[in-house]
Protein chains: 2
Amino acid sequence: MKKAKKHSVKGIAEKLNISPTTVSFVLNGKAKEKKISDEMIERVLAYVKEINYKPNQLAQSLRTGKSKIIVFMVEDISNHFFASIARKIEDLAYEQDYKVLFCSNENKDKKSRDLIQLFKDRQVDGYIINPSPGIKKDIEALIQEDIPVILFDRYFPGLKTHFVGIDNEEASYKATLHLIENGFKKIGFITLATTQTQMANRKKGYLKATKEHGLSERVLEIEFEAGNPQSKKELIKEFIFKEDLDAIYFSTNYLTQSGLEVFKENSPELIDKFGILTFDDHEFFKIHTPTISAIAQPKDAMASELMKLMLMLLKKSTKDLPPKEIILKTELLPRQSTLLKNH
Amino acid sequence: MKKAKKHSVKGIAEKLNISPTTVSFVLNGKAKEKKISDEMIERVLAYVKEINYKPNQLAQSLRTGKSKIIVFMVEDISNHFFASIARKIEDLAYEQDYKVLFCSNENKDKKSRDLIQLFKDRQVDGYIINPSPGIKKDIEALIQEDIPVILFDRYFPGLKTHFVGIDNEEASYKATLHLIENGFKKIGFITLATTQTQMANRKKGYLKATKEHGLSERVLEIEFEAGNPQSKKELIKEFIFKEDLDAIYFSTNYLTQSGLEVFKENSPELIDKFGILTFDDHEFFKIHTPTISAIAQPKDAMASELMKLMLMLLKKSTKDLPPKEIILKTELLPRQSTLLKNH
DNA sequence: GTGAAAGCGCTAACAA
DNA sequence: TTGTTAGCGCTTTCAC
């Protein structure tokens with residue numbers, strides 16, 4: 001069996017003794033509008049179904065300039081937080097006949113730029129981007145060119161764009177308060193050394209809460225590229241064990257992971273002496289001993305809002321929406337790790 | 001600033017007062033072959049660089065029939081095992097100027113078929129597939145049409161295809177032996193109710209080892225779609241606590257996760273009475289209390305082998321490779337959970 | 001109501 | 001050594 005003969009609009013037209021135009025109109029639902037007779041429509045549809053004809057997307061894209069592909073660019077697609085959202089996005093997109101190109105920019109500007117360039121050559125229809133710190137200009141350029149762009153998780157102050165995310169400062173503030181209410185007074189905050197909004201705002205929330213309660217600030221900022229994972233853990237270890245803390249609040253899931261590894265590898269029993277809180281939830285935090293309190297982002301809602309918005313932008317009629325900011329609610333999940341300890 | 005004027009082969013040709021052919025040849029590295037003069041090449045290249053021209057991939061694809069896109073279809077892209085491989089595949093592909101469409105078939109045949117159909121319309125160049133149980137025929141059809149396909153993780157007995165995976169029976173056999181050597185005698189095996197090779201072979205390995213040592217077989221098979229997660233946990237709970245076992249061996253990572261939840265939610269202290277072993281490793285198993293012994297698949301190696309093979313198949317010269325099976329080594333990582341217990 | 005024909009941007013067989 | 005030209009398969013304007 002060799003490749004089944006490819007069908008085409010032209011072929012169908014010949015077979016039916018009509019013109020390609022008619023076929024095209026029928027196929028694109030413009031038959032009524034163009035006042036094509038019902039029986040003609042019927043005939044075309046029947047034949048198309050019979051031979052199971054599928055239009056060549058490539059040709060269609062070349063002609064219309066629309067590729068029916070959207071890009072989902074995140075820091076690291078293998079990170080549980082992003083992977084979960086990706087999974088949902090995938091479903092929603094395919095339902096609407098869009099495909100999704102996933103990619104990871106590693107939070108690096110060069111990688112982000114290269115990727116965007118790559119996709120432009122491919123006439124991608126829209127971009128959902130978790131931007132690296134320095135690509136404000138590139139995002140602007142995209143918007144200038146009238147290409148739908150939605151940022152999520154983090155944004156650029158001063159750049160009006162569509163955005164889906166959470167109120168990091170508020171969530172972080174409440175989380176810190178939760179620690180304070182549970183009797184913790186020497187709260188260490190471990191975060192990334194970055195000025196990106198999501199992290200900056202989490203820090204702001206922490207600082208606001210500690211300040212309000214007259215507690216001292218104890219912040220450890222780790223470089224994104226802190227050499228090997230081991231040296232990152234060294235920093236955390238020193239911070240945890242030398243700083244005289246009674247609680248540790250991690251600003252993102254992979255720092256938490258490193259932190260828990262530090263405990264496990266050094267003095268597993270000590271973890272019970274500390275309050276532990278993390279931004280971003282993970283199924284394993286429910287299983288950990290002790291179970292780890294977390295601030296959960298609404299991943300499903302994020303994915304739906306992202307796609308809902310993207311689909312609107314993709315439609316001609318609604319594409320000139322003024323920049324829309326969708327801020328979703330987080331949920332604080334108190335577990336064993338932040339229960340009052342005996343100090 | 002409006003959209004920068006699009007450049008094209010034709011435009012370049014006009015500007016340079018030469019023909020599109022020449023431009024095309026130079027751009028496609030066929031200049032030498034076509035004996036185009038060095039200065040001509042120089043001139044074209046310089047201008048192309050100056051205006052930063054990028055060929056329209058769509059048009060190129062339409063013309064050549066090659067889309068420079070490969071598909072990576074797995075059960076669930078948000079599963080840590082698949083997500084990690086995906087991340088690596090992504091990097092390797094982009095290096096070679098290929099994009100990757102990731103998608104999840106949920107191990108369902110209909111979804112798999114729909115997806116394959118979708119991609120065929122898009123003239124995808126190659127497929128890396130983690131196949132659902134009933135799509136043997138569809139895979140065959142793809143191969144008949146001379147489209148590069150590589151299966152991974154699981155395969156179809158009797159269907160010769162390119163394949164990358166591990167020796168599940170061997171790995172499972174050794175893992176069970178490990179439990180036996182550590183003094184466990186009543187080993188329960190929790191797996192999925194499926195005949196797919198990866199799972200069937202893991203079961204075979206377990207059965208072989210238990211049989212050789214005169215131990216009784218205790219197997220729990222869970223339907224892939226076992227209603228809600230809760231009912232799956234109910235099954236596991238009953239199996240663990242009513243079957244008089246001293247060790248539990250999970251055949252895949254998400255069953256392990258459910259199992260650990262069962263312990264946590266019911267009687268956390270009891271977990272220390274059991275030997276616990278899991279197929280597939282996860283960072284969190286190192287942090288769990290107790291740390292969980294695991295059979296680790298070589299994810300990085302899998303990704304590299306997959307892409308290395310795919311790139312070969314994508315090249316005209318090597319596309320008619322006879323079906324190649326690449327079987328990679330697993331690693332047994334003994335941790336606290338399989339240390340000898342006091343019975 | 002339907003059809004002819006142009007053209008999206010590119011490649012490559014054929015001519016010169 | 002370079003140019004002319006015919007499509008890849010589709011949409012859409014304009015003409016009938």
Side-chain angles (χ1 to χ4, degrees), chain A residues 3-45 48 51 53-68 97 120-125 316, chain B residues 3-45 47-48 51-68 97 120-125 316:
Chain A
K3 190 179 295 206
K5 204 182 114 255
K6 280 286 174 203
H7 297 289
S8 71
V9 168
K10 198 173 156 203
I12 296 173
E14 274 169 15
K15 185 84 185 178
L16 262 37
N17 272 317
I18 55 178
S19 96
T21 315
T22 313
V23 178
S24 176
F25 283 155
V26 172
L27 255 30
N28 292 302
K30 300 198 177 158
K32 288 287 170 209
E33 182 185 324
K34 299 291 178 182
K35 303 196 187 152
I36 294 188
S37 69
D38 284 356
E39 69 165 332
M40 184 88 275
I41 296 179
E42 193 53 42
R43 214 150 68 87
V44 173
L45 255 25
V48 159
I51 63 173
Y53 165 78
K54 304 278 176 190
N56 179 323
Q57 266 282 351
L58 245 33
Q60 212 163 296
S61 297
L62 178 61
R63 185 61 233 240
T64 60
K66 297 286 152 209
S67 60
K68 287 273 185 181
D97 202 25
K120 275 176 132 175
D121 303 341
R122 226 166 236 292
Q123 336 253 71
V124 160
D125 291 349
K316 246 205 172 113
Chain B
K3 187 180 299 207
K5 204 181 114 255
K6 281 285 176 204
H7 297 288
S8 72
V9 169
K10 199 173 155 203
I12 296 173
E14 275 169 15
K15 185 82 184 177
L16 262 36
N17 273 315
I18 55 177
S19 97
T21 316
T22 314
V23 178
S24 176
F25 283 154
V26 172
L27 255 29
N28 293 302
K30 298 193 180 164
K32 289 287 170 206
E33 184 184 324
K34 299 292 177 181
K35 305 197 188 151
I36 293 185
S37 68
D38 285 356
E39 68 165 334
M40 183 87 276
I41 297 179
E42 192 53 40
R43 212 149 70 87
V44 174
L45 255 26
Y47 183 64
V48 158
I51 62 174
N52 189 29
Y53 164 80
K54 304 280 176 189
N56 179 324
Q57 265 283 351
L58 245 33
Q60 212 164 297
S61 297
L62 178 61
R63 186 61 236 241
T64 60
K66 296 287 152 207
S67 60
K68 287 275 188 177
D97 202 24
K120 276 175 130 176
D121 303 343
R122 224 167 239 292
Q123 337 253 69
V124 160
D125 291 348
K316 247 209 172 109

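The sequence lines fix the lettering, A, B, ..., with proteins before strands; numbering per chain opens at 1. If you're wondering where the values come from, they're calculated on a predicted model, not measured in any experiment.
- Protein atom NE2 of B:His7 is 11 Å distant from nucleotide atom P of C:dC10, rounded to whole Å.
- Considering only side-chain atoms of A:Ile18, the nucleotide from C:dT11, C:dG3, C:dG9 that sits closest is C:dG3.
- When the nucleotides D:dT13, C:dT11, D:dC10 are ranked by their closest atom to the side chain of B:Val9, C:dT11 comes out on top.
- Atom-to-atom distance recorded for B:Lys34:NZ and B:Thr22:OG1 is 11.5 Å, nearest 0.5 angstrom.
- Atom CG of A:Leu58 and atom C1' of D:dG9 are 9 Å apart (whole Å).
- Side-chain contact between A:Leu16 and A:Met40 is absent, with no heavy atoms from C-beta onward closer than 4.5 Å.
- The structure places CG of A:Leu62 at 11.5 Å from CD of B:Gln60, a figure rounded to the nearest 0.5 Å.
- How far CG of B:Asn52 is from NE2 of B:His7: 8.0 Å, rounded to the nearest 0.5 Å.
- Between B:Tyr53 and C:dC10 there is a side-chain polar atom (N or O) within less than 4.0 angstrom of OP1 or OP2.
- In terms of phosphate contacts, B:Ser8 brings no side-chain nitrogen or oxygen within less than 4.0 Å of OP1 or OP2 of C:dG9.
- As judged by a 4.0 angstrom heavy-atom cut-off over every strand, B:Asn17 is placed among residues touching the sugar-phosphate backbone only.
- Listed for the B:Ser24 side chain is no donor-acceptor partner under 3.5 Å among the backbone atoms of B:Pro20.
- The side chain of B:Thr22 places an N or O atom within less than 4.0 Å of a non-bridging phosphate oxygen (OP1 or OP2) of D:dG3.
- Counting to the nearest Å, the P atom of C:dA12 and the CZ atom of B:Phe25 are 8 Å from each other.
- For the pair B:Ile51 and B:Ile12, the minimum side-chain heavy-atom distance is below 4.5 Å.
- Nearest to the side chain of A:Ser24, among C:dC10, D:dT12, C:dT2, sits D:dT12.
- Here C:dC10 presents its C1' atom at 12 Å from CD of A:Gln123, a figure rounded to the nearest Å.
- When rounded to the nearest whole Å, the span between CG of A:Asn56 and P of C:dC8 equals 18 Å.
- When rounded to the nearest whole Å, the span between NZ of B:Lys10 and P of D:dT5 equals 13 Å.
- For A:Leu62, counting side-chain heavy atoms from C-beta on, the closest listed nucleotide (C:dC8, D:dC10, C:dC10) is C:dC8.
- Rounded to an integer number of Å, the gap from B:Ile12 CD1 to C:dC10 C1' is 11 Å.
- Sequence order on DNA chain D of the closest nucleotides to B:Thr64 and A:Leu27 puts B:Thr64 first from the 5' end.
- Below the 3.5 angstrom threshold, one finds a donor paired with an acceptor across the side chain of B:Thr21 and the base of C:dA12.
- The phosphate of C:dT11 (OP1 or OP2) has a side-chain N or O of B:Gln60 nearer than 4.0 angstrom.
- Residues of residues 28-43 of chain B that place a heavy atom closer than 4.0 Å to DNA chain C, in numerical order, are B:Asn28, B:Lys30.
- The CD atom of A:Gln57 sits 11 Å away from the P atom of D:dC10 (whole-angstrom rounding).
- Atoms CG and NZ, from B:Asp97 and B:Lys68 in turn, are 5.0 Å apart once rounded to the nearest 0.5 Å.
- The side chain of A:Arg63 sits closest to C:dC8 out of D:dT2, C:dC8, C:dT11.
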Just do the side-chain contact (heavy atoms from CB on, under 4.5 Å) check on B:Glu39 and B:Arg43 with the steps written out, would you? CA-CA 6 Å; B:Glu39 68 165 334; B:Arg43 212 149 70 87; 5.9 Å; no
